[in-house]
K.L.:
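Please see the structure below; I have some questions.
A note on names: the letters A, B, ... follow the listed sequences, proteins ahead of strands, and every chain is numbered from 1.
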Number of protein chains: 2
Amino acid sequence: MESLVMYLCRQNTLKMRVISRLGEYGLRALMYMAAQKNESTYFNIRLMSQELDISFHFLTKILQGLTQRGLLQSYRGPHGGIGFLVPPEQITLATVVKALEGEDFFHNCLLGLPGCGERQPCPMHVFWAELRERLRTEFETTTLADLGTQTLEQHLRLKA
Amino acid sequence: MESLVMYLCRQNTLKMRVISRLGEYGLRALMYMAAQKNESTYFNIRLMSQELDISFHFLTKILQGLTQRGLLQSYRGPHGGIGFLVPPEQITLATVVKALEGEDFFHNCLLGLPGCGERQPCPMHVFWAELRERLRTEFETTTLADLGTQTLEQHLRLKA
DNA sequence: CATATTTAAGATAAAATACTCTTAAATATT
DNA sequence: AATATTTAAGAGTATTTTATCTTAAATATG
C-alpha cells in the first residue's frame, strides 16, 4: 500500500473539484440531451455513454437518480430510453447540482470550520458568502437549454 | 454494503467541498499557530490536535508534509514541536492550499469538461474563470497572519 | 407467446480519501 | 549512559467515492 507521505508528495497536480464526478457526469449527460433540441423524447443511455465516454452502468445509475427526483422520465424496452420530464428550458444548473450533490450544496464554509455561520462568521465568511452567492445565482439563472450551443459539442463528444 | 441508489438517495444534505480535509486541517492548524503571535517557536502537535479536535497522527502527517515543502520546521525531543520557518505574515492561503491540495488547484474547469481551456472554452468557462480568479487573488493576498483574529478562536477551539 | 431490447435495482469491486497504529530517529533530562 | 519526550516514517485499516457486474422488470416486435 502507498504510504501517506508518498500520497502527500504525489498530489501536487490535483485540481480543485467543486462538483463531484456524479455531478459532472449527470450535467454532461443532460447538456448532451439538451443540445439535441430536435429529437425530443427518449435518448438511448448506452449510446450516450459511448459518446460521452462515461461508464454505461454508472451513467444509468446517475440518470436513474434524476428520474427518481422527477427531472427525467424513462421508458424501458426497445426504442426506450431517458428523456426530459421538464423541458430543458426550465431546468437550471442549480436544480441539477442540488439533485445530484445535495440540497445544501451552496451552504458550505470555505475553510470547513466548525460552527461557521452568520452568527459566528469565520475570517473568510463574508468574502466567500459573496462569491458563493454569485455562483449560486449563475447556477440558478442558467438553464440546460442555455448551455446547448455549438461550443458545447466540442467538449461533450470525446470520440468525435 | 450500501447500494448506489441508497447512496444516491442519502446524499441530499451534502455541501460543496472546495478544499479537502487535508487542506482544511492543515489550514486550521496553521491558523491556530498564527493566532498565537507571542509564543513563537515550537508548537506541540499533540496539544494542537486536542484543541482542534483533529487526529494526532493525521495532523502530524499533514504538518510533516508542510515541513518537507519548506513552510514549517520541526524539532524532535522534549519541548520540541513544529513552528513556522517563514513568518505567517509571509505565508498566503494560496501557498498553503497549493502545498496541500496541489499546484494546479486553481486551474480547473467548473463542469470538469474534457479539453476545456482558453482555446476551447466551455459554456461556463468565462464566468468561472473570473470567479476562480477572484478566489485565487483572495487566497494570494490573504496571509495566515491576516486570519489570526479573535473571531478565529471561536472556530478553531472546539473544546473551549 | 417467445425473444430481443432497454432501463431498474441490487450486489460487488476498485480506487481514492481519511484516519490509525507501530516503530524509528532525534533530542533533552536525569 | 539511561530514560522520557516528541516528531518522522512506514505500514495498515476504515470509509467514501467511483465504477462494474448480474439479475429483474418493462416493453416492443415477430
K.L.:
Rounding to a whole Å, what distance do you find between A:L22:CG and D:dT16:P?
P.N.:
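Interatomic distance, CG of A:L22 to P of D:dT16: 15 Å.
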K.L.:
Rounded to whole Å, how long is the line connecting atom CZ of B:R17 with atom P of D:dT18?
P.N.:
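My rounded result for the distance is 12 Å.
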K.L.:
Any side-chain N or O of B:R21 below 4.0 angstrom from OP1/OP2 of C:dC19?
P.N.:
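So the side chain of B:R21 is within the cut-off, an N or O lying under 4.0 Å from OP1 or OP2 of C:dC19.
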K.L.:
Looking at C:dT7, C:dC19, D:dT18, which one has an atom nearest to any side-chain atom of A:T60?
P.N.:
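The answer is C:dT7.
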K.L.:
Provide, to the nearest angstrom, the distance between the CZ atom belonging to A:R28 and the P atom belonging to D:dT18.
P.N.:
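It works out to 13 Å between those atoms.
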K.L.:
Using a 4.5 Å cut-off on heavy atoms from C-beta on, say whether the side chain of B:I91 contacts that of B:V96.
P.N.:
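B:V96 reaches B:I91 side chain to side chain.
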K.L.:
For B:I45 and C:dC19, what is the distance between atoms CD1 and P respectively, to the nearest whole Å?
P.N.:
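Going from B:I45 (CD1) to C:dC19 (P), I get 17 Å.
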K.L.:
In the structure I gave you, are the side-chain heavy atoms of A:Q120 and A:H125 within less than 4.5 Å of one another anywhere?
P.N.:
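Side-chain contact under 4.5 Å: no.
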K.L.:
Counting primed atoms plus P, OP1 and OP2 as sugar-phosphate and everything else as base, spell out the protein contacts along nucleotides 22-30 of chain C at 4.0 Å heavy-atom distance: B, S or - for each nucleotide, 5' to 3'.
P.N.:
B--BBBSS-
K.L.:
Once you round it to whole Å, what is the distance between P of C:dT20 and CZ of B:R46?
P.N.:
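To the nearest whole Å, that distance equals 12 Å.
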K.L.:
Rounded to whole Å, how long is the line connecting atom CG of A:D53 with atom P of D:dT18?
P.N.:
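My rounded result for the distance is 16 Å.
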K.L.:
Kindly determine whether A:T67 and A:Q73 satisfy side-chain hydrogen bond (donor to acceptor under 3.5 Å, both in side chains), including the steps that lead there.
P.N.:
CA-CA 5 Å; A:T67 301; A:Q73 63 185 144; over 6 Å; no
K.L.:
As a test of reading the structure: which of D:dT20, D:dT7, C:dC19 is closest to the side chain of B:F56, going by heavy atoms?
P.N.:
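The answer is D:dT7, which lies nearest to the side chain.
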K.L.:
Check this for me: does the side-chain of A:K61 come within 3.5 Å of the base of C:dA8 through a donor and an acceptor?
P.N.:
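Flag unset: no donor-acceptor pair detected.
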K.L.:
Determine all donor-acceptor pairs shorter than 3.5 Å in which one atom belongs to a side chain in residues 77-86 of chain A; sequence neighbours excluded.
P.N.:
none

K.L.:
For D:dA9 and B:Q68 - does any side-chain N or O of the residue sit under 4.0 Å from the phosphate oxygens OP1/OP2?
P.N.:
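Checking B:Q68 against D:dA9: at least one side-chain N or O falls below 4.0 Å of OP1 or OP2.
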K.L.:
Please report the interatomic distance NZ(A:K15) to SG(B:C109), rounded to the nearest 0.5 Å.
P.N.:
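Answer rounded to 0.5 Å: 9.0 Å.
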K.L.:
Is the NZ or CZ atom of A:R132 positioned over A:F106's six-membered ring, under 6.0 angstrom from the centre and within 45° of the axis?
P.N.:
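Ring-cation test returns no.
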K.L.:
Round to the nearest Å and state the distance from A:Q64 atom CD to C:dA11 atom P.
P.N.:
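From A:Q64 CD to C:dA11 P: 13 Å.
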K.L.:
Nearest-nucleotide wise, let me know which of B:L59 and A:T67 is further upstream toward the 5' end of DNA chain C.
P.N.:
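Counting from the 5' end, the first nearest nucleotide belongs to A:T67.
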K.L.:
Using distance alone, with no hydrogens and no angle criterion, decide if A:E101 and A:S20 have a side-chain donor and acceptor under 3.5 Å apart.
P.N.:
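The criterion, which ignores hydrogens and geometry beyond distance, is satisfied for A:S20 and A:E101.
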K.L.:
Round to a whole Å and report the spacing from CZ of A:F58 to P of C:dA8.
P.N.:
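So the two atoms are 16 Å apart, to the nearest Å.
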K.L.:
Distance check: side-chain N/O of B:S74 vs OP1/OP2 of D:dT6, anything under 4.0 Å?
P.N.:
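The answer is no; no side-chain N or O of B:S74 sits under 4.0 Å from OP1 or OP2.
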K.L.:
Under 4.0 Å: is that the gap between some side-chain N or O of B:Y42 and OP1 or OP2 of D:dT6?
P.N.:
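Answer is no, no contact under 4.0 Å.
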